[in-house]
Protein chains: 2
Amino acid sequence: MNTRAYELRAEVLKAMAHPARLMMVDALAEGEKCVCELQKLVGSAMPTVSRHLAQMKSAGIIASRRDGNKMYYRLLVPCLTNVFPCIDEALGAEQA
Amino acid sequence: MNTRAYELRAEVLKAMAHPARLMMVDALAEGEKCVCELQKLVGSAMPTVSRHLAQMKSAGIIASRRDGNKMYYRLLVPCLTNVFPCIDEALGAEQA
DNA sequence: TAGCAGTTTAGCTAAATTGCTAACTTATGT
DNA sequence: ACATAAGTTAGCAATTTAGCTAAACTGCTA
């Protein structure tokens with residue numbers, strides 16, 4: 001495994017490593033949502049939400065589609081949500 | 001799901017979201033390793049490696065054991081490595 | 001007890017991240 | 001054409017992260 005591969009993986013993980021972004025990934029796992037819906041969900045200002053989404057999009061884990069004046073985002077890699085149970089397990093065990 | 005749960009998950013992901021740390025997680029998935037081995041692997045200065053390890057330890061994904069003057073680290077949550085194939089898939093697909 | 005290998009902690013600087021407000025864009029409706 | 005709704009981009013301040021060097025520990029071994 002070369003360094004470049006690890007850099008790419010790190011970018012994807014970094015794109016998820018934020019409470020608001022995780023919340024959105026979770027929501028998008030159920031199906032596509034518009035920015036306005038996601039904004040209500042996370043409760044941050046619209047520009048903030050938009051930037052979080054742009055970040056995940058540039059990492060390649062979500063994609064967008066325009067419908068009228070709404071932008072719909074969808075999760076490109078649903079298997080990412082499979083880590084959550086594993087992470088929660090880690091949080092339960094903690095120290096050792 | 002409450003906000004706190006997402007914050008905790010984000011911390012775990014953040015602890016992994018770095019090329020050097022991912023490299024170490026991959027290495028530790030094969031079995032425990034001392035800091036000196038990990039340092040050779042990632043090629044950064046020893047204090048830097050030590051701090052990366054401390055970060056992952058405080059996130060709860062690795063643990064340490066002292067043997068003489070060496071510290072051995074091990075992966076507490078091996079299932080974390082299951083995401084990598086999924087991430088690589090995401091990197092292959094990209095935009096949409 | 002002195003010295004050495006292995007590791008961690010401290011202190012610093014540079015760079016990246018986050019969140020906000022304000023300004024701009026795109027599409028809808030009148 | 002104008003107003004409004006939905007999003008994005010820009011620019012700023014505060015915080016966090018990353019890497020380095022130097023200094024402190026920790027545990028062997030002579």
Side-chain angles (χ1 to χ4, degrees), chain A residues 3-4 6-25 27-28 32-75 95-96, chain B residues 3-4 6-25 27-28 32-75 95-96:
Chain A
T3 302
R4 183 62 188 146
Y6 285 109
E7 286 171 359
L8 290 169
R9 283 182 179 176
E11 268 181 58
V12 169
L13 288 174
K14 217 162 47 170
M16 293 199 294
H18 187 286
R21 292 195 295 266
L22 281 179
M23 216 177 282
M24 293 194 276
V25 166
L28 292 176
E32 67 173 13
K33 303 244 184 310
C34 67
V35 181
C36 48
E37 287 174 294
L38 295 168
Q39 194 228 326
K40 270 174 225 151
L41 178 72
V42 310
S44 305
M46 173 81 83
T48 299
V49 172
S50 179
R51 233 165 43 147
H52 281 310
L53 289 166
Q55 202 167 336
M56 292 195 281
K57 187 177 177 182
S58 97
I61 66 179
I62 61 173
S64 59
R65 167 180 80 81
R66 160 155 255 143
D67 182 11
N69 51 1
K70 289 188 183 172
M71 286 293 281
Y72 286 92
Y73 281 87
R74 66 182 178 282
L75 189 58
Q95 257 56 277
Chain B
T3 303
R4 183 63 187 144
Y6 285 109
E7 286 170 0
L8 290 169
R9 283 182 177 178
E11 268 182 57
V12 170
L13 288 174
K14 217 162 47 169
M16 294 201 294
H18 187 286
R21 294 196 293 267
L22 281 180
M23 217 177 283
M24 295 195 274
V25 166
L28 293 175
E32 69 174 12
K33 302 244 183 312
C34 67
V35 182
C36 47
E37 289 174 292
L38 295 169
Q39 194 227 325
K40 272 175 223 150
L41 179 71
V42 310
S44 305
M46 175 80 83
T48 299
V49 172
S50 180
R51 246 187 10 170
H52 280 310
L53 288 166
Q55 202 168 335
M56 290 194 283
K57 187 178 177 181
S58 98
I61 66 177
I62 62 174
S64 58
R65 167 181 80 81
R66 158 156 256 141
D67 182 10
N69 51 1
K70 288 188 183 172
M71 286 294 279
Y72 286 92
Y73 281 88
R74 67 181 178 283
L75 189 58
Q95 259 53 281

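Letters go in sequence order (proteins before strands), and every chain restarts at 1.
Within the structure, a side-chain polar atom (N or O) of B/K14 is placed less than 4.0 Å from OP1 or OP2 of D/dT17. The side chain of A/Y73 places an N or O atom within less than 4.0 Å of a non-bridging phosphate oxygen (OP1 or OP2) of D/dT8. Within the structure, every side-chain polar atom (N or O) of B/H52 is placed at least 4.0 Å from both OP1 and OP2 of D/dT17. Distances shown here put every side-chain N or O of B/Q39 at or beyond 4.0 Å from the OP1 or OP2 atom of C/dG6.
Between A/A20 and B/Y72, the residue whose closest nucleotide on DNA chain C is further toward the 5' end is B/Y72.
Listed nucleotides: C/dT7, C/dT18, D/dT21. Nearest to the side chain of A/H18: C/dT18.
The distance from atom CE of B/M24 to atom P of D/dA18 is 11 Å, rounded to the nearest whole Å. The interatomic distance linking A/M46 (CE) with D/dT8 (P) rounds to 8 Å, in whole Å. Counting to the nearest Å, the P atom of D/dG19 and the CZ atom of B/R21 are 8 Å from each other.
Classification of B/K40 and B/E37 as a salt-bridged pair fails, no side-chain N sitting under 4.0 Å from a carboxylate O.
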Where protein sits on nucleotides 9-15 of chain D, one letter per nucleotide: B base, S sugar-phosphate only, - none, heavy atoms under 4.0 Å:
B-B----
What string of B, S and - do you get for nucleotides 24-30 of chain D, 5' to 3', when a contact is any protein heavy atom under 4.0 Å?
--SBS--
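Minimum interatomic distance between A/S64 and A/Y73 (heavy atoms only, all atoms of both residues): CB-CE2, 3.5 Å.
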Check the interface with nucleotides 1-3 of chain C: list each N/O to N/O pair with the protein under 3.5 Å, or write none.
none

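Residues A/V42 and A/T48 form no side-chain contact, since every pair of their non-hydrogen atoms from C-beta on lies 4.5 Å or further apart. A 4.5 Å side-chain heavy-atom check between A/V35 and A/K70 finds every atom pair outside the cut-off. For the pair A/L28 and A/L38, the minimum side-chain heavy-atom distance is below 4.5 Å.
One N or O on the side chain of B/Q39 and one on the backbone of B/S44 form a donor-acceptor pair closer than 3.5 Å.
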May I have the step-by-step check of salt bridge (charged side-chain N to carboxylate O under 4.0 Å, His left out) for A/E11 and A/K14, ending in yes or no?
CA-CA 5 Å; A/E11 268 181 58; A/K14 217 162 47 170; over 6 Å; no
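Heavy atoms of A/M71 sit under 4.0 angstrom from primed sugar atoms or phosphate atoms, though from no base atom.
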